[in-house]
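Below is one structure, written out as C-alpha cells, with a few remarks after it.
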Protein chains: 2
Amino acid sequence: MRASERAYVTLRADIINWHLTPGTVLGEVELSERLGVSRTPIREALAKLTAEGLTEPQSGRGMVVSEISLDHLDELFELRSALECRAAELAAQRCDPEIFLALHHQLTNAGELITAQDPARTDYYQLAGELDIAVDAAVGNHYLTQALKNLRVHLVRVRRLGKDNPTRLRDAAREHAAIALAIAHGKPAVASAATTVHLDNSLRHLLSTTH
Amino acid sequence: MRASERAYVTLRADIINWHLTPGTVLGEVELSERLGVSRTPIREALAKLTAEGLTEPQSGRGMVVSEISLDHLDELFELRSALECRAAELAAQRCDPEIFLALHHQLTNAGELITAQDPARTDYYQLAGELDIAVDAAVGNHYLTQALKNLRVHLVRVRRLGKDNPTRLRDAAREHAAIALAIAHGKPAVASAATTVHLDNSLRHLLSTTH
DNA sequence: ACAAGAACCAATGTATACACAGAATGAATT
DNA sequence: AATTCATTCTGTGTATACATTGGTTCTTGT
C-alpha cells in the first residue's frame with residue numbers, strides 16, 4: 001500500500017472515530033513525524049480529506065479538522081433527505097423484491113441486536129449499512145451513489161454527537177424496516193415518504209439529545 | 001497565486017472547454033513542462049481534479065480526462081433532478097419573491113439573447129447561471145449548494161455534447177421562467193414539478209441530438 | 001512463428017532541501 | 001506601561017533527486 005494511502009486511511013479513521021476532534025490543527029511536519037512518512041504523502045492525504053470535507057484549510061496556515069456544528073445539522077439533513085428520498089424512490093422502481101423483503105425481516109427483528117453486550121452497536125449499524133448498500137445496488141446510479149457515499153462520512157461523525165438511546169435505535173430500526181418494505185413492494189411514493197419520516201425523527205432526536 | 005492553483009485552474013478550464021478531450025492521458029512530467037512548474041503542484045492539481053471527477057486514475061499508471069459517456073447521462077440527470085428539485089422546493093419556501101419575479105421577467109424575454117451574433121450563447125448561459133445563484137442563495141444550505149456546484153462542473157461539459165438548437169434554448173428559457181415564477185409565488189410543489197419537466201426535456205433533447 | 005520470460009525504460013511514489021510567507025516575540029520609543 | 005516596528009523563527013510552497021513499480025520490448029525456446 002502506498003504511504004499516501006496509509007496516511008489518508010489513518011487520518012480519516014482518526015477523524016471519524018473522534019480521536020482527532022473538530023478544531024484540531026494538523027501540521028504537516030507533526031503528522032509526517034507521527035506517521036513515519038515524509039511530508040509529500042501527508043500533503044496528498046490532507047488534500048483528499050479536504051476534498052471530502054473532513055478537514056479545512058485554516059486561514060493562511062495549516063489544516064484543521066472541520067467542525068460538526070449543530071447549527072448546520074439541519075442543512076446536512078436537508079441534503080441527506082434530497083438524496084435518500086430519491087434513492088428510495090428509484091430503488092422501489094428497480095429492486096429485486098426478495099432482497100428487500102429479507103432486509104425487512106432482519107430489520108423487524110433488529111431490536112435483538114441492541115444489547116448491553118454491544119455498546120458500540122456494531123451489529124445494528126452493520127445491518128443499517130447493508131440496507132444502504134442494497135439501496136445503492138438497486139438504484140444502480142454511480143453519481144447518486146457517490147454523492148451518498150460522500151455524505152455518509154459526515155453522518156458517521158454526527159452519530160457521536162447524539163446520546164446512544166436504545167429506545168430510539170429500536171424505533172429507527174422499525175423505520176428502516178418500513179422503508180425496506182415499501183421498496184420491496186415497489187412503491188416509490190411510500191418509500192420516499194417513509195424516508196422523510198425517518199430522517200425527520202432522526203434529526204429531532206439528535207437535536208433533542210444534544211441541546 | 002500559488003503554482004498549484006494556477007495549474008488546477010488551467011487544467012480545469014482546458015477540460016471543461018474540451019481543449020483536453022475525454023480519454024486524454026495526463027502525464028505529470030509532460031504537464032509540468034507545459035505549464036512551467038514542477039511536478040509537485042501538478043500532482044496537487046491532479047488530485048483536486050480527480051476529487052471533482054474531471055480526471056480518473058488510469059489502471060496502474062497516470063491520469064486520464066474522464067469520459068462523458070452518453071450511457072451515463074441519464075444517471076447524471078437523476079442526481080441532478082434529486083438535487084435541483086429539492087433546491088427549488090426549498091427556495092420556494094424561503095426566497096425573496098422580488099428577486100425571482102425579476103428573474104422570471106428576464107427569462108421570459110431571454111429569447112432575445114439567442115442571436116446569431118452570440119454563437120457561444122454567453123448572455124443566455126449567464127442568465128441561467130444567475131437563476132442557479134439565486135436559488136443557491138435562497139436555499140441557504142451550504143451542503144446542498146456544494147453538491148450542486150460539484151454537479152454543475154459535469155453539466156457544463158455535457159453542454160458541448162448536444163447540438164446548439166436555438167428553438168430548444170428558447171423553450172428551456174421558458175421552462176426556467178416557469179421555475180422562477182413558481183419559486184417567486186412560494187409554491188414548492190410547482191417549483192419541483194417544473195424542474196422535473198425541464199430536466200426531462202433537457203435530457204431528451206440531449207439524447208435525441210447526439211444519438 | 002508464437003509464446004513466455006527477462007531485462008530495460010519510463011513514469012509515478014517518496015524523500016529532502018531550499019525558498020518564502022506569516023506569525024510571534026522582543027526591544028525601543030512615545 | 002503600552003504600542004509599534006523589526007527581527008526571528010516556524011511552517012508551508014516548490015523544486016529536485018532518488019526509489020520503485022509497472023509496462024514494453026526484445027530475445028530465446030518450443
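As the structure is a computational prediction, the values presented were derived from the model and not from experiment. Numbered from 1 within each chain, the chains take letters A, B, ... in sequence-line order.
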Inset, instruction - Tell me which of B:Met63 and A:Gly36 sits closer to the 5' end of DNA chain C, going by the nucleotide each one is nearest to. - result: B:Met63
Legend entry - Results of side-chain hydrogen bond (donor to acceptor under 3.5 Å, both in side chains) for A:Thr195 - residues two or more places apart only: none
Inset, instruction - Quick one: list whatever passes side-chain hydrogen bond (donor to acceptor under 3.5 Å, both in side chains) with A:Arg12, sequence neighbours left out. - result: A:Tyr8, A:Glu52
Inset, instruction - For DNA chain D, find the residues of residues 5-15 of chain A with a heavy-atom distance under 4.0 Å and give them by number; none if there aren't any. - result: none
Inset, instruction - Would you please name every residue forming a side chain to side chain contact (heavy atoms under 4.5 Å, CB included) with B:Asn150, sequence neighbours left out? - result: B:Gln146
Inset, instruction - Look at the aromatic rings of A:His176 and A:His198 and report parallel, tilted or perpendicular, splitting at 30° and 60°. - result: tilted
Inset, instruction - Using side chain to side chain contact (heavy atoms under 4.5 Å, CB included) as the criterion, list what pairs up with B:Arg61, not counting sequence neighbours. - result: none
Under 3.5 Å, which protein N or O atoms sit close to an N or O of nucleotides 6-10 of chain C? Give each pair with its distance.
residue, atom, partner, partner atom, Å
C:dA10, N3, B:Arg61, NH2, 3.0

Legend entry - Partners meeting side chain to side chain contact (heavy atoms under 4.5 Å, CB included) with B:Gln106 (sequence neighbours left out): B:Leu103, B:Leu127, B:Glu130
Legend entry - A:Lys48 with A:Glu5: basic N within carboxylate O range, under 4.0 Å: no
Legend entry - Positional range of nucleotides in DNA chain D within the contact set of chain B, heavy-atom, under 4.0 Å: D:dG13 to D:dG22
Legend entry - Check against side-chain contact (heavy atoms from CB on, under 4.5 Å), A:Glu84 and A:Leu148: CA-CA 8 Å; A:Glu84 293 203 352; A:Leu148 277 166; 3.6 Å; yes
Distance-only criterion, 3.5 Å: show the donor-acceptor pairs between side-chain atoms of residues 87-101 of chain B and protein atoms not counting sequence neighbours.
residue, atom, partner, partner atom, Å
B:Glu89, OE2, B:Ser192, OG, 3.4
B:Arg94, NH1, A:Glu78, OE1, 3.4
B:Arg94, NH1, A:Glu78, OE2, 3.4
B:Arg94, NH1, B:Val139, O, 2.9
B:Arg94, NH2, A:Glu78, OE2, 2.3
B:Asp96, OD1, B:Glu98, N, 3.2

Legend entry - Those residues of residues 39-50 of chain B lying under 4.0 Å from DNA chain C by at least one heavy atom: B:Arg39, B:Arg43
Inset, instruction - Scan for salt bridge (Lys or Arg N to Asp or Glu O under 4.0 Å) pairs involving residues 144-156 of chain A, sequence neighbours excluded, and state none if there are none. - result: A:Asp132-A:Arg152, A:Asp136-A:Arg152
Legend entry - B:Val197: side chain to side chain contact (heavy atoms under 4.5 Å, CB included) partners, not counting sequence neighbours: B:Asn201
Legend entry - side-chain hydrogen bond (donor to acceptor under 3.5 Å, both in side chains) evaluation trace for A:Ser66 with A:Arg157: CA-CA 11 Å; A:Ser66 59; A:Arg157 286 185 81 198; 3.3 Å; yes
